[in-house]
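To start, the structure under review is shown below, and the notes come after it.
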Amino acid sequence: MGITKLADLIRGDAPGSITYKEIGDYTGKIIALDTSIIVNQFRSAVPNLTLSLLGVFYRTLTFLEHDIKPVFVFDGDPPEQKRAVLEKRAQSAGWSSSQRSHTVSSKTREVLRLLQLLGVPCVQAPGDAEAFCAQLVRSGAVDAVASEDMDTLAFGGTVLLRQLNAKRVSEVTEYSLPKLLEILQLTQKEFVDLCILLGCDYCDKIAGLGPSRALKLIQQHRTIEDVMLNINRKTHPVPVGWQYQAARRLFLDSPGSEPPPLQWSEPNEKELVNFLCQEKHLREEKVTKDGDGGVRQNLSPQEEGERGEKKGRRQTDESGRILSCDTEKTVCRSRRIHRQKATED
DNA sequence: ACTCTGTGTCAAGACGAT
DNA sequence: ATAATTGACACAGAGT
DNA sequence: ATCGTCC
């Protein structure tokens, strides 16, 4: 998946394009996320499907706590090349494609519902979500793309964030595409050719060519066509009917859809509580909002009915926060600590 | 000798309490 | 009762 | 820091 060996190559040959940050450094930033990547992460980490939904909930809360504005991008119709790959995967997993699409769509519907209740914008990509994320950051509609998938760089995403999660101590890795191109002395077009040689989702690669040689070859000959003329065709045979040109177009051509208007709204407390605890039977019943002045404490955690929301409606037009009761405690604590520090300084 | 590639295994998320 | 992807790391084998 | 729990 993705450009598998690109991360290693960058770490080895262009470490200068990497900076290490923490989540707090992105306060106030707009960040696009590939929803399918996130959901897959949670689904593989926890056995239960509902728990993965909870993971999305918590992670989004963490973003909002840091005043990060997330934009969730959903996959549209996958391009032909990837469709073939997906079908092959589904078959090898022993799933009929109708079964797969059904479970997938019901799952994404739930995620979509949750995110809409949280008041974060969800946009539908015309094609691959990664490609649209890249376009969003390239056009300046968002400040960065958070993804584990290095495809974003091949699609021209200028700022890529990895390991942007809710861990207590998390080291975020930021990749800068302009710096990367400068260090490697490549144009974007040449970089795309390099990624194709490394191996991508959209076409085959030349067997026997790994990161090191691919980089040297591209730096020397600049295009796949010229590389092909300068390698040993016997030891490194080119795949028959190689679709590298289609892959190249896929990376270089913009999806073409205009960035939609992004709007963050107040979370819908009532429906959120409904959805999470009544429909999903989660214990995160108590959901409350935290304006910047009135911090409410002492929400008794065990109320008999599931209507734990107090009616202290405090409208904060921009940065409303929604927190589970338990989470609120910790945030209140950290806030008090923060304020004490601020007043002591 | 050294470098690179392909193959295998393994662990994974976020929370609160201890 | 439960399922089943993806990257990171260690190793062995082939190429230069 | 490590561990049990989340449904």
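First the proteins, then the strands, lettered A, B, ... as listed; each starts at 1.
When the P atom of B/dC4 is taken as reference, atom CD1 of A/I206 falls 17 Å away, rounded to whole Å. Note: CD1 (A/I231) to C1' (C/dG15) measures 14 Å, nearest angstrom. The distance between atom CZ of A/F63 and atom C1' of B/dG13, rounded to the nearest whole Å, is 12 Å. Atom NE2 of A/H236 and atom P of B/dC4 are 12 Å apart (whole Å). Atoms CZ (A/R59) and P (B/dA12) sit 14 Å apart, rounded to a whole Å. As rounded to whole Å, 6 Å separates atom P of B/dA14 from atom NZ of A/K167. Atom P of nucleotide C/dT6 and atom NZ of A/K5 are separated by 16 Å, given to the nearest angstrom. As rounded to whole Å, 16 Å separates atom P of C/dG7 from atom CG of A/L9.
A side-chain donor-acceptor contact under 3.5 Å links A/S147 and A/E130. A donor and an acceptor atom, one from each side chain of A/Q243 and A/R249, are nowhere located under 3.5 Å apart. In the model, A/S254 has no side-chain atom that pairs as donor or acceptor with a side-chain atom of A/Q135 under 3.5 Å. In this model, a donor atom of one side chain and an acceptor atom of the other lie less than 3.5 Å apart for A/S36 and A/D34.
The gap from the P atom of C/dA8 to that of B/dG13 amounts to 13 Å, rounded to the nearest Å. Nucleotides C/dG7 and D/dA1 are separated by 29 Å at their P atoms, to the nearest Å. With P as the reference atom, B/dA17 and D/dC7 are 15 Å apart, rounded to whole Å. As rounded to the nearest Å, C/dA4 and B/dA12 have C1' atoms that lie 12 Å from one another. For the P atoms, the distance linking B/dT9 with D/dG4 amounts to 27 Å, nearest Å.
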Walk me through whether A/R248 and A/E225 qualify under salt bridge (charged side-chain N to carboxylate O under 4.0 Å, His left out).
CA-CA 12 Å; A/R248 180 193 274 162; A/E225 285 82 358; 3.0 Å; yes
For a side-chain hydrogen bond (donor to acceptor under 3.5 Å, both in side chains) check, start with the C-alpha distance between A/Q185 and A/E190, then their side-chain angles and the critical distance, and finish with the verdict.
CA-CA 9 Å; A/Q185 285 295 296; A/E190 291 160 356; over 6 Å; no
Quick one, A/D8 with A/K5, criterion salt bridge (charged side-chain N to carboxylate O under 4.0 Å, His left out). Give me CA distance, side-chain angles, the key distance, then yes/no.
CA-CA 5 Å; A/D8 287 332; A/K5 287 165 262 178; over 6 Å; no
Please step through ring pair (Phe, Tyr, Trp, His ring centres under 6.0 Å) for the pair A/Y244 and A/Y202, ending with a clear verdict.
CA-CA 8 Å; A/Y244 72 94; A/Y202 304 110; over 10 Å; no
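Residue A/L49 is out of contact with every strand shown, counting any heavy-atom pair closer than 4.0 Å. Across all strands shown, A/N48 has heavy atoms under 4.0 Å from base atoms, whether or not it also approaches the sugar-phosphate.
Here the CG atom belonging to A/L161 is positioned 4.0 Å from the OH atom belonging to A/Y26, to the nearest 0.5 angstrom.
Nearest to the side-chain atoms of A/L51 among the listed nucleotides D/dC7, B/dC15, C/dT5 stands D/dC7. Nearest to the side-chain atoms of A/A166 among the listed nucleotides D/dC7, B/dC15, B/dG6 stands B/dC15.
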What nitrogen or oxygen pairs link the protein and nucleotides 8-12 of chain C at under 3.5 Å?
| unit_1 | atom_1 | unit_2 | atom_2 | d |
| --- | --- | --- | --- | --- |
| C/dA8 | OP1 | A/R162 | NH1 | 3.4 |
| C/dA8 | OP1 | A/R162 | NH2 | 3.4 |

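Listed by residue number, A/P211, A/S212, A/R213, A/K216 are the residues of residues 211-220 of chain A with a heavy-atom contact under 4.0 Å to DNA chain B.
More than 12 heavy atoms of other residues, nucleotides or ligands shown are found within 6.0 angstrom of NZ on A/K21.
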